[in-house]
Amino acid sequence: MELLASSIAILYRWDVAAALLAGSIGGVVIGAIPGVGAAVAIAILLPATFSMDPIVGLTVLLGVYGSSMYGGAIPAVLINTPGTAVNALTTYDGYPMAKRDSPRRALSLAYSASFFGGIFSVVCLVLLSQVLALIAPHFGSREIFLAALLGLVLVVLAHRGRIVSAGMMACLGIFIHTIGLEPVRYTRRYTFDQSWLVSGIDLIVVVLGLFALSQAFLLLVEPDTRARVDRVSGGIFQGLRELLKFKRVATVSSSFGVSMGMIPGVGEFTAQFLSYTYAQKTSRTPERFGKGSPEGLIASEAANNAVPGAAMIPLLALGIPGEALTAMMLSVFYVHNVIPGPQLFANQLDFVVALYIALLLLNIIVLVFLMFSTNGILRIIRIPSRFLGVMILTLGFVGVYSLRNSITDCALAAGFGIFGLILKRLDLPIVPIILGMVLGGIMEVKLRSAMARVQTPLDFIERPVSAIIFTMIVLVIGWHIASTARARRIRSRGD
């Protein structure tokens, strides 16, 4: 009870409440606009959060992160266009249901499933907090290095069919991190006698360029579009009652979301695929999937909304982000000298629980907001895409310049924006670059620290936790090689 009271005290401030409200509602609005998404919004907001208290800045970002998928379901259901990439599977059953039955029923069910998934993940994380607090102190430099390496391997292998390109992008991110002064002897690396490279390339500059500016360029070069949507009539509380009929699907799908969210590099897409496949195989009416099945819609929305809370686990417990959005949040911790990892759970568990309570509250705020404001959000969806592009471009450059009042940073961000546009046009992954920069930095620092107590490579895996993580790395790589070889054999037999 003392832990809960101290956590509530951290949140019991007007600025935290305002940040939670603004992030939650703003995330819904941003998620509902096709072509923007949480990554762009968080990239733009990052520079502003550096001047805030850690709990205020993280609450804003958590609000956007956790609520954007709620909003992304609106255009996915009404116009068959996902507001965010992770709502793509929602279109399979949400849009046919809106056409066949009514938009009200489809949206109500999507909101209810999203709410169930979000609350389920927070409850699971609260229950796991004490367990994590006991495990976290067993992670030293060697264990965190290997955990970061495992995260990098999982990120690369998660890009099925594009593993080589994902690996190259991750290596590019690691290389970008090494530019500038190295942290021990302060020798220059890859600066080529250019003074503007001595301080290195800031992560936020790269994030804003690859995510915000590249998306702005994409919206500006493509034909101008404006979505046409009709008003939704009737109440939207029906889905809460209907969800009870499919509580098994909702619970299992949320469990997939929590499990996949805790694994770096996996995230919403894998959770959705597993939950949707499970729902279809165990359904009494599998033929309705893809044609307006309520179970399919629930499986998709419950799984993807259970991921954000779970994705905070590797970030908070080990200081290892599992995706681009949590990598951005990590920079907020570092700016305020709050270092995620074992010591955070050991010494500031009340701060961690406060973040979980914030996640719980944002789901409640979003549900209440959507139940009464859906038609208001529909007006925002009609904004022309090129106008959005200009707004994102302007805000992106303002955010970059505000970091260090540097025109050089703006030029670098523009360069990364053009590079990101090229990657999007070539369908090459962008996320591994960001995770390569973050995880590469963690690996370098922990490797330097561990080398003082390591005589041979085998010393890295002499302790139980490090041995378990190393075994996981070997098994993951071995499983991928075996599955790839098996797939090639099947294809060769088919030919």
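The first residue of the sequence shown is numbered 1, and numbering continues consecutively from there. Computed from heavy atoms alone, side chains included, the values below leave out hydrogens, waters and symmetry copies.
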Do Asp53 side-chain atoms and Ile55 backbone N/O form a donor-acceptor pair below 3.5 Å?
-> no
Heavy-atom side-chain contact between Thr394 and Met391 under 4.5 Å = no
Short question: side chain of Ser67, backbone of Ser24 - any donor-acceptor pair under 3.5 Å?
-> yes
More than 12 non-hydrogen atoms from neighbouring residues, nucleotides or ligands closer than 6.0 Å to CE on Met52, yes or no?
-> yes
Say you draw a straight line from CD1 of Ile473 to CG of Leu152; how long is it, rounded to the nearest 0.5 Å?
-> 10.0 Å
Tightest non-hydrogen contact, residues Ala110 and Ala73, listed as CB-CB, 4.2 Å
Would you call His177 and Leu203 a side-chain contact if the rule is heavy atoms closer than 4.5 Å?
-> no
Just by distance, do the side chain of Ser449 and the backbone of Val445 share a donor-acceptor pair under 3.5 Å?
-> no
Keeping the roles fixed (side chain from Thr178, backbone from Phe175), state whether a donor-acceptor pair exists under 3.5 Å.
-> yes
Going by the angle between their ring planes, with limits at 30° and 60°, are Phe419 and Phe416 parallel, tilted or perpendicular?
-> perpendicular
Minimum-distance pair of heavy atoms, taken over all atoms of Ile163 and Leu157 | CD1-CD2, 4.1 Å
Identify whether the distance between the nearest side-chain nitrogen and carboxylate oxygen of Glu182 and Arg448 falls below 4.0 Å.
-> yes
Mind running side-chain contact (heavy atoms from CB on, under 4.5 Å) on Arg248 and Glu295 for me, showing each step along the way?
-> CA-CA 10 Å; Arg248 176 184 56 82; Glu295 293 173 279; 4.2 Å; yes
CG of Leu58 to OG1 of Thr49, rounded to nearest 0.5 Å, is 7.5 Å
Out of curiosity, Leu20 CG to Ile365 CD1, how far, rounded to the nearest 0.5 Å?
-> 4.0 Å
So, does Ser300 use its side chain to make a donor-acceptor pair with the main chain of Gly296 at under 3.5 Å?
-> no
Close side-chain approach of Arg13 to Asp15, heavy-atom, < 4.5 Å | yes
Student check: side-chain heavy atoms of Tyr70 and Phe115 closer than 4.5 Å | yes
Does Ser253 use its side chain to pair, donor to acceptor, with the backbone of Ala302 at less than 3.5 Å?
-> no
Which pair of non-hydrogen atoms, one from Pro54 and one from Phe351, has the smallest distance, and what is that distance?
-> CB-CZ, 4.2 Å
Grab the two heavy atoms, one from Phe256 and one from Ser275, that are nearest each other, plus how far apart they are.
-> CD1-CA, 3.7 Å
Where is the tightest heavy-atom contact between Pro429 and Arg162, given as atom of each residue plus distance?
-> N-NH1, 3.9 Å
Compare all side-chain heavy atoms of Ser68 with those of Ile30 and state whether any distance is below 4.5 angstrom.
-> no
So among Asn305, Asn363, Asn304, which one has a side chain to side chain donor-acceptor pair (under 3.5 Å) with Ser114?
-> Asn305
Roughly how far, to the nearest 0.5 Å, is CG of Leu62 from CD1 of Ile42?
-> 8.5 Å
Residue that, paired with Val400, satisfies side-chain contact (heavy atoms from CB on, under 4.5 Å) out of Ile204, Asp409, Asp202, Leu395 = Asp409
Heavy-atom side-chain contact between Val64 and Leu61 under 4.5 Å = no
Rounded to the nearest 0.5 Å, the OG atom of Ser121 sits from the OH atom of Tyr356 at a distance of 10.0 Å
State, yes or no, whether a side-chain contact exists between Tyr401 and Ser406 at a heavy-atom distance under 4.5 Å.
-> no
Nearest heavy-atom neighbours spanning Val156 and Ala170 = CG2-CB, 4.2 Å
Decide yes or no for Ile174 and Met437: does some side-chain heavy atom of the first lie under 4.5 Å from some side-chain heavy atom of the second?
-> no
Quick one: pull up CG in Leu412 and CG in Leu208 and give me the separation to the nearest 0.5 Å.
-> 12.0 Å
Begin from the C-alpha positions of Phe116 and Thr251 and carry the test side-chain contact (heavy atoms from CB on, under 4.5 Å) through to its verdict.
-> CA-CA 8 Å; Phe116 183 89; Thr251 304; 3.6 Å; yes
Under the side-chain contact (heavy atoms from CB on, under 4.5 Å) rule, what do Lys446 and Arg142 come out as? Steps first, then yes or no, please.
-> CA-CA 7 Å; Lys446 297 305 177 182; Arg142 282 171 274 186; over 6 Å; no
Please step through side-chain contact (heavy atoms from CB on, under 4.5 Å) for the pair Phe145 and Leu150, ending with a clear verdict.
-> CA-CA 9 Å; Phe145 168 79; Leu150 174 62; over 6 Å; no
